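First the structure, in the form of structure tokens, and then the observations on it.
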Amino acid sequence: MEITIKKGTSLGLETYDVLGFNSEEELELEISKLIRIRPEFEKNPN
């Protein structure tokens, strides 16, 4: 029987620079853009 070792990567374990960002703040800004509610789905107060 042959044993195969698989190595996976989790984004939660990588640092911001490994992910291609210059700072943690830059990473957080990009994440906030991804989770922002699109204007067409926001409730209209009128």
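Throughout, numbering of the chain's residues begins at 1 and tracks the sequence. The model shown is predicted, which means the values in this text are computed figures rather than measured ones. Atom set for the values below is all heavy atoms of this structure, side chains included, hydrogens, waters and symmetry mates excluded.
- In this structure, the separation between CD1 on Ile31 and CD on Glu24 is 9.0 Å, given to the nearest 0.5 Å.
- Linking Ile, Leu, Val, Met, Phe, Trp and Tyr residues whenever their side-chain heavy atoms come within less than 4.5 Å leaves Tyr16 and Leu29 in two separate clusters.
- To the nearest 0.5 Å, atoms CG (Leu19) and CG (Leu27) are separated by 6.5 Å.
- The number of heavy-atom neighbours closer than 6.0 Å to CD of Glu28, taken from other residues, nucleotides and ligands shown, is above 12.
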